[in-house]
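Quick note: residue numbers are just sequence positions, from 1.
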Amino acid sequence: MLYLGIAVVTLILGLVVGYGRENHQLNHRLSKATAQAEQIEQENQHQIKQAVQAIQTKVETDVAEHQDEVNEEIDEQVVENQLRQERVELQEKSLQSFASRLEKSEQNVQREQTELHELEQTIDQTQQQADQLVQQRTNLLHEKSGLLPEQAEQTVLNMTQTALQQDYDQSVRDEHEEHVLTATKEARQLMVEAIQNGPIDVPRDHIDRNVIIPDEGMRNKITGKNEQRLRLLETLIGVDLIFNPDSPETLIISTNDPIRREIARGTINELITARQLNNAVIENVVRSTERQVIEQLRLTGEETCANLHLGWVHPDLMKLIGRLQYRTSYGQNVLQHSVEVAELCGMMATELGVNVRLAKRAGLLHDIGKAVDREVNGTHVELGVQIAESYGEEESVVDAIASSHGDVDSETTISVLVRVADSMSGARPGARSESVEEYLNRLKGLERIANAHPEVKDSYAIQAGREIRMMVDPKASDDEKTEQLAQQVCAQIEAELTYPGKIKVTAIRRSNAVQYVGGKQAPRKKHVS
């Protein structure tokens, strides 16, 4: 029992001691937490004070800045109000000045109206006096001449009309004589000024028929095995490709079609830069080059028409104009020649008071037939007339094309201007590369070939060698032989002569039978005696 009591007492004492110790620790932690809470509160109070001070400082700054802005706006308003006040004062002064001028103007108008009224009264009085004087003169003339007023008036009118007609006739004669004396000089001066302002020489890079391939490896690449690629190019483009034996690096493009020649040049230059070559690549390059050349024809035509200010032109006709870029005549670029003719026609039309746009249009289109004369039968004049009519060109333009080379007579002023401008553009120094000797040799060659046939009595090379006319003996040939003769002469000319463009061969067979009736004295009868 004693041990049990000791154990109970010990347990109670342990509980008391543990509780006291635990209570002490709790008090210690509580006091520590209280101290920390006070410290945190002090720090929060300090931060709050700092935040309040910062806010107050910012508010004061914002208020100050806002006050400054308000003050600036107020100052600006004051200045603007002052300026407005000054403008108002100026406007008031202007209005006052205008009112004073208006008042003076009203006074002047009233004074002028008064003077005008007085002048009208004076004119009325003068008119009445003049009428009285005219009546007195008429009465006096009637008394002296014994004529009625209507007869006297008609007599005066007839005399006046006769005098005016004589003056008019004399003026017309004087002006006509002056124009006759100065017409040649003025025409020469007009053409000289047009020539000086119009023609412009350009490089002739488009007539090159060769392509230079200096690298032997590149030549083998273009040619291919057994010249297969070269033959493929000839088939696709329609030209003959031949390497010059004397100059192996020169590839000659042989064709009469300038468009195909340009396609061949572009294709070969494109193939030179290609990395790999095969049949498919060659076909693609040929098609691409064809599209580029056709598109360039249209662009060239559009640019030419725009530069000349021709107005609306049919798109297909602009392509034909672009084709002239690759056509030459005696070494002269036909497109550049046509542009020169258009400019010369425009300058002369301006001086003469003719429609400038129509004159330029006719000048540009006068050789349009040369764009297709290699593909269609007929002279370029006939083809040009057909083209102009099919695209709805005006009658004056069609007439100018038809008469540009003297095939028909000129009916309008514009057609005369086109012929003159065509001659000036083709005959100016440096325009054409053909020499006089070559020109004469070609004419002599044409006449020599024609005269070599026994049935030809005479022959004439006309239109600068563009046509040969043969006079056939009607007794030595019939219609069928005459047609065969023309075909033979064409074949000889093509085989023996070198010529630009086309040559027209005309064989003329005509027979005339002439008899006379009357005009002879009847024979006398002899009388036998």
Do Gln113 and His117 pass the side-chain hydrogen bond (donor to acceptor under 3.5 Å, both in side chains) test, and can you show the C-alpha distance, the side-chain angles, and the key distance before you say yes or no?
CA-CA 6 Å; Gln113 288 179 349; His117 182 67; over 6 Å; no
Could you tell me whether a side-chain N or O of Arg323 sits under 3.5 Å from a main-chain N or O of Ala371, the two making a donor and an acceptor?
yes
With sequence neighbours left out, which residue pairs that include part of residues 85-98 fulfil the side chain to side chain donor-acceptor pair (under 3.5 Å) condition?
Ser97-Arg101
Could you list the donor-acceptor pairs under 3.5 angstrom formed between side-chain atoms of residues 301-312 and any protein atom two or more places apart in sequence or on another chain?
residue	atom	partner	partner atom	Å
Glu302	OE1	Arg298	NH1	3.4
Glu302	OE2	Arg298	NH1	2.5
Thr304	OG1	Thr300	O	2.8
Asn307	ND2	Glu303	O	3.1

In residues 69-78, what donor-acceptor pairs under 3.5 Å come from side-chain atoms, sequence neighbours left out?
residue	atom	partner	partner atom	Å
Asn71	OD1	Gln67	NE2	3.2
Asn71	ND2	Gln67	O	3.0

Closest heavy-atom contact between Val418 and Gly363?
CG2-N, 3.9 Å
Taking only residues two or more places apart in sequence or in another chain, which ones pass salt bridge (charged side-chain N to carboxylate O under 4.0 Å, His left out) with Arg229?
none
Less than 3.5 Å apart, any donor N or O on the side chain of Gln127 or Asp131 sitting next to an acceptor on the other?
yes
Sidechain N-carboxylate O distance under 4.0 Å for Arg265, Glu262:
yes
Contacts satisfying salt bridge (Lys or Arg N to Asp or Glu O under 4.0 Å) that involve residues 387-398 (not counting sequence neighbours) are Arg357-Glu394, Arg361-Glu393
What pairs of donor and acceptor atoms, side-chain ones from residues 36-52 against any protein atom, are under 3.5 angstrom apart with sequence neighbours left out?
residue	atom	partner	partner atom	Å
Asn44	ND2	Ile40	O	3.3
His46	NE2	Gln50	NE2	2.5

Side-chain contact test, heavy atoms from C-beta onward, threshold under 4.5 Å: evaluate it for Asp399 versus Ile414 and give yes or no.
no
Begin with the C-alpha distance, continue with both residues' side-chain angles, and end with the deciding distance and a verdict on side chain to side chain contact (heavy atoms under 4.5 Å, CB included) for Glu382 and Val385.
CA-CA 5 Å; Glu382 297 172 352; Val385 171; 5.9 Å; no
Report yes or no: does Asp367 contribute a side-chain atom to a donor-acceptor pair with the main-chain N or O of His380 at less than 3.5 Å?
no
Quick one about His337 and His366 (side-chain donor to acceptor, distance below 3.5 Å, no hydrogens or angles considered), yes or no?
yes
